[in-house]
Amino acid sequence: MAKRYWLFKSEPNCFSIEDLQNEPHQTACWDGVRNYQARNLLRDEIKKGDRVFFYHSNAKPPGIVGICEVVRSGYPDYTAQDPTSDHPDPTATPQNPIWYMVDVKLKEILPEMIPLNTLKETPGLEEMMVCQRGARLSVQPVTPEQWAIVMNLIKRKK
DNA sequence: GCCAACGTTGGC
DNA sequence: GCCAACGTTGGC
């Protein structure tokens, strides 16, 4: 199975890339996703070894702040079954967990973030989902071409 | 803080 | 199954 690429959004005041860095082994489970389209990606498509852009949404400015690796493929998000969690779902059970998550490990915090503005201005990224108006999906596919273009932007800043 | 875009809910 | 109302997301 070829390696695939993704973009995960998080609000920095909720879970920032620094928070990920502070986790043991710089690894965290990407829990709390409660959207079916994103759930399907987490459950079926996102596999160990895939690469992920860590994106800060609702930030000033918003943008890509780091690179992660998926270290565990989709498995049930048991936090949905915990009434004291941040995103409980009373209909989720061990037999029918409904919601899924993956584990991600931090590879790199970018010395300089790539703001959304830059992505929008970069040729070849016009079709990138995060650049589209009203793209709310919190877990998004990234094509290999888009990944390479963004990696070039990152290299250029170093 | 505003508001456009989107997803979900629920009455019918 | 339609669709209006509502809640949420997230850029600005």
Side-chain angles (χ1 to χ4, degrees), chain A residues 4-23 28-46 50-68 70 74-104 106-143 145-154 156-157:
Chain A
R4 295 176 69 184
Y5 303 97
W6 310 94
L7 180 144
F8 287 8
K9 285 193 223 170
S10 184
E11 302 194 17
N13 57 11
C14 175
F15 186 79
S16 72
I17 196 153
E18 288 81 16
D19 291 331
L20 177 58
Q21 187 176 39
N22 290 333
E23 293 282 333
C29 44
W30 202 264
D31 62 347
V33 174
R34 300 291 180 263
N35 167 283
Y36 284 103
Q37 209 180 335
R39 185 282 307 268
N40 292 346
L41 294 175
L42 289 168
R43 184 188 58 190
D44 305 328
E45 306 289 339
I46 303 176
D50 288 357
R51 292 300 162 97
V52 175
F53 287 134
F54 195 119
Y55 178 90
H56 276 173
S57 62
N58 250 320
K60 35 185 181 40
I64 294 172
V65 292
I67 298 166
C68 304
V70 177
Y75 63 106
D77 179 354
Y78 51 78
T79 70
Q81 300 165 41
D82 176 1
T84 67
S85 80
D86 288 337
H87 307 278
D89 180 351
T91 64
T93 65
Q95 290 72 35
N96 182 24
I98 305 179
W99 304 111
Y100 283 74
M101 61 186 174
V102 300
D103 289 354
V104 293
L106 179 66
K107 301 284 288 183
E108 179 188 3
I109 294 183
L110 303 185
E112 208 179 323
M113 75 149 12
I114 308 289
L116 176 60
N117 241 356
T118 302
L119 298 175
K120 285 181 171 173
E121 289 167 358
T122 301
L125 297 183
E126 296 87 356
E127 306 286 313
M128 197 171 176
M129 192 180 285
V130 77
C131 295
Q132 308 306 309
R133 188 156 200 261
R136 287 167 44 178
L137 196 61
S138 65
V139 167
Q140 306 182 352
V142 174
T143 68
E145 293 77 18
Q146 291 162 352
W147 181 275
I149 292 171
V150 175
M151 290 307 290
N152 272 330
L153 288 178
I154 292 168
R156 215 176 304 164
K157 290 214 176 193

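Lettering of chains follows the sequences in order, A, B, ..., and the numbering in each one begins at 1. Keep in mind that what you see is a predicted model, and the values were worked out from it rather than measured.
- Aromatic rings of A:Y78 and A:W99 (six-membered ring for Trp) have centroids beyond the 6.0 Å cut-off, not under it.
- Summary of the strand contacts: A:A135 and A:N58 both lie near DNA chain B, and taking for each the nucleotide with the nearest heavy atom, the more 5' one is attributed to A:N58.
- Between A:N35 atom CG and B:dC6 atom P there is a gap of 13 Å when expressed in whole angstrom units.
- Residues A:D103 and A:W30 bring no donor and acceptor atom of their side chains to less than 3.5 Å of each other.
- To the nearest angstrom, C1' of C:dG11 lies 8 Å from OH of A:Y55.
- Atom CG in A:L119 sits about 11 Å away from atom P in C:dC12, given to the nearest Å.
- Rounded to whole Å, atom C1' of C:dC12 lies 10 Å from atom CG of A:N117.
- Side-chain nitrogen and oxygen atoms of A:K9 include at least one within less than 4.0 Å of the OP1 or OP2 phosphate oxygen of C:dG10.
- In this structure, A:F15 places its CZ atom 20 Å from C1' of C:dT9, rounding to the nearest Å.
- Interface remark: the A:R136 side chain does form a donor-acceptor pair with the B:dA5 base, using a distance-only criterion of under 3.5 Å.
- A:D19 places a side-chain N or O within donor-acceptor distance of the main-chain N or O of A:S16, the cut-off being under 3.5 Å.
- Side-chain proximity of A:E11 to the nucleotides B:dT8, C:dG10, B:dG7 is greatest for C:dG10.
- The side chain of A:Y36 approaches B:dT8 more closely than any other nucleotide in the set B:dT8, C:dG11, B:dG7.
- A:M129 has its CE atom 17 Å from the C1' atom of C:dG11, to the nearest Å.
- A:K60 comes within 4.0 angstrom of no nucleic acid atom, judged by non-hydrogen atoms across all strands.
- A salt bridge does not link A:R39 to A:D77: none of the charged side-chain nitrogens sits closer than 4.0 Å to a carboxylate oxygen.
- The CZ atom of A:R133 sits 19 Å away from the P atom of C:dT9 (whole-angstrom rounding).
- Counting non-hydrogen atoms of neighbouring residues, nucleotides and ligands closer than 6.0 angstrom, the CD atom of A:E18 exceeds 12 such neighbours.
- Between A:L116 atom CG and C:dC12 atom P the separation is 6 Å, expressed in whole Å.
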